[in-house]
Protein chains: 2
Amino acid sequence: MSGDRRVRRTRRMVQEALVALILEKGYEAVTVTDIIARADVGRSTFYSHFTDKQDVLLSNLHDLAFLRPAPAGGEPGRLFAFSLPMLEHVREQERLVRALLGRRGGGPVHAHGERLLAGLVRDELLAAGARASAALDLLVVCVVGAFMGLLRAWVDGETAASPAELDAAFRAAVEPGVRAVLGRL
Amino acid sequence: MSGDRRVRRTRRMVQEALVALILEKGYEAVTVTDIIARADVGRSTFYSHFTDKQDVLLSNLHDLAFLRPAPAGGEPGRLFAFSLPMLEHVREQERLVRALLGRRGGGPVHAHGERLLAGLVRDELLAAGARASAALDLLVVCVVGAFMGLLRAWVDGETAASPAELDAAFRAAVEPGVRAVLGRL
DNA sequence: CTGAATTCCGAACAATGTGTTCGCTTATGA
DNA sequence: TCATAAGCGAACACATTGTTCGGAATTCAG
């Protein structure tokens with residue numbers, strides 16, 4: 001590992017404290033004072049590692065590597081290869097993802113995820129033969145919106161469905177429309 | 001109108017000040033002190049009308065009446081009757097909606113809109129012959145996610161499309177999938 | 001027009017949170 | 001072992017919140 005053990009320990013304690021507090025009170029309601037109390041870390045120490053609350057939140061993003069650029073290829077005709085693997089990966093990191101992406105998570109991370117996913121979807125549709133256009137961008141927005149909505153509903157406990165069921169629901173909702181649009185380009 | 005003219009005036013000034021400030025700095029960054037300065041209203045006056053910042057935000061919701069329960073009926077086979085009228089109504093209230101529903105708007109109103117829209121969509125699908133089920137709820141989440149995504153992208157200036165184009169994109173993306181699912185219930 | 005009621009003002013206040021500084025202590029790795 | 005890097009925590013200035021209160025201004029009813 002890199003750096004001093006104390007550094008790793010401190011950063012980890014702070015990150016975990018924030019996640020725990022988000023799940024208890026929601027991101028907005030968490031104060032830096034809360035965090036350092038929970039993490040049992042000095043105030044000055046906190047500010048020597050992070051600039052503020054949001055910095056801690058975003059520092060967790062590196063652990064959300066499941067937004068990898070898709071294993072390239074896969075079966076040829078299959079759309080949205082990212083969906084099922086991503087949902088399964090999320091289940092494993094349930095606690096972290098629920099804190100970061102749920103309604104209690106406050107938004108910034110959700111926006112981040114939306115952008116990343118939009119890039120993925122756009123590339124995939126281009127690879128499937130779509131032409132870059134304003135209409136394509138709107139289609140991407142719809143697809144991403146549907147997926148993120150599903151993801152949020154899941155981590156917020158609004159559904160007890162399994163990753164496979166969520167994947168199926170996602171595909172059922174958007175795949176026919178997407179294929180129809182693709183055919184027209 | 002109801003009540004004292006001073007009351008109406010004060011409330012209006014405060015609401016407009018918040019909308020203006022959101023468009024400038026984003027909801028999170030706006031303080032009560034900012035609001036009363038911009039509205040030119042005494043501090044105690046503010047707190048005699050509103051409990052806090054969010055209260056002002058939500059007080060604007062009554063003006064967003066475009067979430068009406070749909071003009072009932074319409075053509076029989078037509079799905080998502082709410083879409084185009086809603087988008088057109090939004091264009092007329094551009095400034096207010098952009099402040100409330102955009103990324104800068106901070107979330108609470110977005111969540112509100114999602115819930116209302118989910119009820120609308122769910123009722124419409126039930127009326128179209130769907131059975132209440134977990135699968136239906138997931139479908140509703142996807143549809144609402146797609147629409148809200150489109151709406152958000154629009155008010156955040158990510159697209160210059162017209163209401164008619166947005167409506168078309170929405171339908172193209174989700175209607176085939178929805179009809180396919182409906183056929184299976 | 002007048003007067004009582006309502007509303008507004010604004011200053012002051014306690015309470016909480018933020019981000020920084022500094023001298024001292026402790027843990028780490030070479 | 002020992003120089004270095006990290007942590008501690010108290011104290012600080014500052015910003016924001018939400019409340020209180022007496023006096024000034026506006027409004028509406030009669």
Side-chain angles (χ1 to χ4, degrees), chain A residues 1-62 99-100 104-109, chain B residues 1-62 99-100 104-109:
Chain A
M1 286 293 164
S2 68
D4 199 308
R5 176 189 299 160
R6 289 168 293 181
V7 173
R8 290 195 306 273
R9 181 181 179 282
T10 296
R11 294 186 63 93
R12 190 170 44 80
M13 296 299 255
V14 169
Q15 289 172 327
E16 287 176 3
L18 177 58
V19 168
L21 287 165
I22 288 175
L23 293 175
E24 289 173 19
K25 320 203 298 181
Y27 176 70
E28 302 299 341
V30 177
T31 69
V32 171
T33 304
D34 289 334
I35 299 174
I36 64 181
R38 176 68 61 100
D40 200 19
V41 150
R43 187 168 199 79
S44 55
T45 304
F46 174 92
Y47 282 107
S48 72
H49 286 287
F50 304 97
T51 68
D52 53 21
K53 207 176 44 159
Q54 175 160 324
D55 192 26
V56 183
L57 190 73
L58 297 181
S59 76
N60 276 303
L61 275 183
H62 299 293
L100 295 183
R104 317 185 69 97
V109 179
Chain B
M1 286 294 166
S2 68
D4 200 307
R5 174 187 301 160
R6 288 168 295 181
V7 173
R8 290 196 308 272
R9 185 183 119 81
T10 296
R11 295 186 62 93
R12 190 169 45 81
M13 296 299 254
V14 169
Q15 289 171 327
E16 288 177 1
L18 178 58
V19 167
L21 287 165
I22 287 176
L23 292 175
E24 288 173 18
K25 320 204 299 181
Y27 176 70
E28 303 298 343
V30 177
T31 70
V32 172
T33 304
D34 288 335
I35 299 174
I36 63 181
R38 176 69 60 102
D40 200 18
V41 151
R43 185 168 203 79
S44 56
T45 305
F46 175 91
Y47 282 107
S48 74
H49 287 287
F50 304 96
T51 69
D52 53 22
K53 203 175 49 158
Q54 175 160 326
D55 191 27
V56 183
L57 190 73
L58 297 180
S59 76
N60 275 303
L61 275 183
H62 300 292
L100 295 182
R104 316 184 71 95
V109 178

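Letters A, B, ... mirror the listed sequences (proteins, then strands); counts begin at 1.
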### Task
Report yes or no: does B:R38 contribute a side-chain atom to a donor-acceptor pair with the main-chain N or O of B:L18 at less than 3.5 Å?
no
### Message
Run the side-chain contact (heavy atoms from CB on, under 4.5 Å) test on A:R12 and A:E16 for me, step by step, so that the C-alpha distance in whole Å, both residues' side-chain angles and the decisive distance to 0.1 Å come before the verdict.
### Response
CA-CA 6 Å; A:R12 190 170 44 80; A:E16 287 176 3; 3.5 Å; yes
### Euclidean distance, B:R11 CZ relative to B:T45 OG1, rounded to 0.5 Å
13.0 Å
### Task
Report the C-alpha separation of A:R9 and A:R6 in whole Å, then their side-chain angles, then the decisive distance to 0.1 Å, and conclude whether the side-chain contact (heavy atoms from CB on, under 4.5 Å) test is met.
CA-CA 5 Å; A:R9 181 181 179 282; A:R6 289 168 293 181; 5.6 Å; no
### Task
For A:R9 and D:dG7, give me the distance from atom CZ to atom C1', rounded to whole Å.
10 Å
### Query
Rounded to whole angstroms, how far apart are CZ on A:R11 and P on D:dG7?
10 Å
#### Entry: Gap between atoms NE2 and P, on B:H49 and C:dT6 respectively (whole Å)
14 Å
### Task
Write down the atom of A:L57, the atom of A:G105, and the distance for their closest heavy-atom approach.
CD2-O, 4.2 Å
### Message
Give me each pair satisfying salt bridge (charged side-chain N to carboxylate O under 4.0 Å, His left out) with a member in residues 42-57 of chain B, each pair once, sequence neighbours excluded.
### Response
none
### Message
Could you tell me how far apart A:F50 (CZ) and D:dG7 (P) are, to the nearest whole angstrom?
### Response
10 Å
### Nearest-angstrom distance from the residue atom NZ of B:K25 to P of D:dA15
13 Å
### Query
Taking protein heavy atoms under 4.0 Å as touching, what does nucleotides 18-30 of chain C look like 5' to 3' if B marks base contact, S marks sugar-phosphate-only contact and - marks none?
BBBB----BBSS-
